[in-house]
Visitor: 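Please read through the structure below; I'll follow up with questions.
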Amino acid sequence: MDLLFLIIEAILILFSIIAHEMAHAYMSFFLGDPTPKETGRLTPNPLKHLDIWGLIFMLVFRIGWAKPVRINSEYYKNRRVGIFLVALAGPFTNFIIFIVALLLSVLVFKLNIDPNIKAILFNILFTLASINISLCLFNLIPIPPLDGSRIVGSFLSANAYIGYMKVERYGFYIIMALLGLDNILAYLRGTTPLFEKAIETIFYFFFDVILKIFV
């Protein structure tokens, strides 16, 4: 059962990451940029989106990534607004999946079906919700190359944006260092890491709201 659930979890992660990247691609394409279509990023084919290390990190550490979608913001009528919308599209899509998964989990909870089937469906939906809120919050961190940096960058002047994006070559190491430090400090204090605590807080806030509305 553990192996089966690991396979199911990998499928859910793959689905969530692909949805995230396709949201970026379709938003940029909708705004007039042909680059995502030309580079084959408007397809759900996982081979076009998958980064194997990003998938492994998602399975092990609950944070991960896919191949970045190439865009050309010169095609946007309003470059600042375009960059903002394209950057926001990925995390927003994960947030919508998160909310839908929570709603469906409550629906499953209310169904009069076999308890074992109910438990399996509930766990799958809860896992899907957890994956997507993790992806949403992780990608909103304002450190290049994450989406949060593009959202912040859309409000900066051209020179400030260029300077900000120079951090991108070190971004991965900065993010890993911060998350590592967070985990080390949490271990020394005997508490939950701050990032994990933030995910849990937001997760259960929305879950409690949905329960109060529908149960």
Visitor: Check for me, please, whether Leu178 and Val152 land in the same ILVMFWY cluster - side-chain distances under 4.5 Å, paths through other members count.
Guide: no
Visitor: Determine whether more than 12 heavy atoms belonging to other residues, nucleotides or ligands lie under 6.0 Å from atom CZ of Arg189.
Guide: yes
Visitor: How far apart are the C-alpha atoms of Phe15 and Ile131, what are their side-chain angles, what is the distance that settles it, and do they pass the side chain to side chain contact (heavy atoms under 4.5 Å, CB included) test?
Guide: CA-CA 10 Å; Phe15 163 76; Ile131 289 167; over 6 Å; no
Visitor: Please check: side-chain N/O of Thr39 versus main-chain N/O of Pro36, any donor-acceptor pairing under 3.5 Å?
Guide: yes
Visitor: So, Tyr26 side chain and Leu42 main chain: donor-acceptor pair closer than 3.5 Å or not?
Guide: yes
Visitor: Inspect the surroundings of OH in Tyr170 and state if more than 12 heavy atoms from other residues, nucleotides or ligands are less than 6.0 Å away.
Guide: no
Visitor: Any idea which heavy atoms bring Phe109 and Lys118 closest together, and the distance?
Guide: O-NZ, 3.3 Å
Visitor: Please evaluate residues Ile124 and Leu128 with respect to the criterion side chain to side chain contact (heavy atoms under 4.5 Å, CB included), reporting the C-alpha separation (whole Å), side-chain torsions for both, the decisive distance (0.1 Å), and the verdict.
Guide: CA-CA 6 Å; Ile124 289 173; Leu128 180 62; 5.5 Å; no
Visitor: Can you tell me how far CG of Leu107 sits from CG of Leu111, rounded to the nearest 0.5 angstrom?
Guide: 5.0 Å
Visitor: With rounding to the nearest 0.5 angstrom, report the CG to OG distance, Asn72 to Ser28.
Guide: 8.0 Å
Visitor: Report, one line per pair, each donor and acceptor closer than 3.5 Å where one atom sits in a side chain of residues 88-97; sequence neighbours left out.
Guide:
residue : atom : partner : partner atom : Å
Thr93   : OG1  : Ala89   : O            : 2.8
Asn94   : OD1  : His20   : ND1          : 2.6
Asn94   : ND2  : Ser16   : O            : 3.3
Asn94   : ND2  : Asn132  : OD1          : 2.8

Visitor: Could you walk me through whether Leu85 and Phe30 satisfy the side chain to side chain contact (heavy atoms under 4.5 Å, CB included) test, starting with their C-alpha distance in whole Å, then the side-chain angles of each, then the deciding distance to 0.1 Å, before giving a yes or no?
Guide: CA-CA 11 Å; Leu85 291 175; Phe30 175 78; over 6 Å; no
Visitor: Hey, any chance Tyr187 and Phe195 share a hydrophobic cluster, counting ILVMFWY side chains that come within less than 4.5 Å of each other, even indirectly?
Guide: no
Visitor: Quick check: closest heavy atoms across Phe207 and Ser105, and the distance to 0.1 Å?
Guide: CE1-OG, 3.9 Å
Visitor: Using 0.5 Å steps for rounding, measure from the CD1 atom of Ile8 to the CD1 atom of Ile13.
Guide: 12.0 Å
Visitor: For atom NZ of Lys48, is the number of surrounding heavy atoms from other residues, nucleotides or ligands below 6.0 Å larger than 12?
Guide: no
Visitor: Roughly how far, to the nearest 0.5 Å, is the NE2 atom of His24 from the CZ atom of Arg70?
Guide: 16.0 Å
Visitor: Say whether, by atom type as modelled, one donor and one acceptor occur between the side chain of Arg41 and the main chain of Ile71 under 3.5 angstrom.
Guide: no
Visitor: Is Ile143 linked to Tyr173 within one hydrophobic cluster, defined over Ile, Leu, Val, Met, Phe, Trp and Tyr using a side-chain heavy-atom separation of less than 4.5 Å?
Guide: yes
Visitor: Do the side-chain N and O atoms of Tyr161 and Ser154 include a donor-acceptor pair separated by under 3.5 angstrom?
Guide: no
Visitor: Any non-hydrogen side-chain atom of Tyr75 less than 4.5 Å from a side-chain atom of Leu31?
Guide: no
Visitor: Of all the heavy-atom pairs spanning Pro145 and Glu168, show the shortest one and how long it is.
Guide: CB-OE2, 3.2 Å
Visitor: Treating Lys110 as the side-chain partner and Phe214 as the backbone partner, does any N or O pair qualify as donor plus acceptor under 3.5 Å?
Guide: yes
Visitor: Looking at side-chain heavy atoms only, is the closest gap between Ile133 and Phe206 below 4.5 Å?
Guide: no
Visitor: Taking side chain to side chain donor-acceptor pair (under 3.5 Å) as the definition, give me every residue that meets it alongside Thr35, ordered by chain and number, with sequence neighbours left out.
Guide: Asp33
Visitor: Using 0.5 Å steps for rounding, measure from the CG atom of Asn116 to the CG atom of Leu121.
Guide: 11.0 Å
Visitor: Spell out, yes or no, whether Phe172 and Leu179 are grouped together once hydrophobic residues are joined by side-chain heavy atoms under 4.5 Å, including indirect joins.
Guide: yes
Visitor: For residues Val167 and Ile174, report the shortest heavy-atom separation together with the two atoms involved.
Guide: CG1-CD1, 3.6 Å
Visitor: Does the separation of the ring centres of Phe126 and Phe203 fall below 6.0 angstrom?
Guide: yes
Visitor: Are Leu47 and Ile18 co-members of a hydrophobic cluster defined by side-chain heavy atoms under 4.5 Å apart?
Guide: no
Visitor: For the CD atom of Glu21 and the CG atom of Leu50, what is their distance to the nearest 0.5 Å?
Guide: 10.5 Å
Visitor: Which heavy atom in Ile202 sits nearest to a heavy atom in Phe98, and how many Å separate them?
Guide: O-CZ, 4.3 Å
Visitor: Grab the two heavy atoms, one from Ile99 and one from Ile210, that are nearest each other, plus how far apart they are.
Guide: O-CD1, 4.2 Å
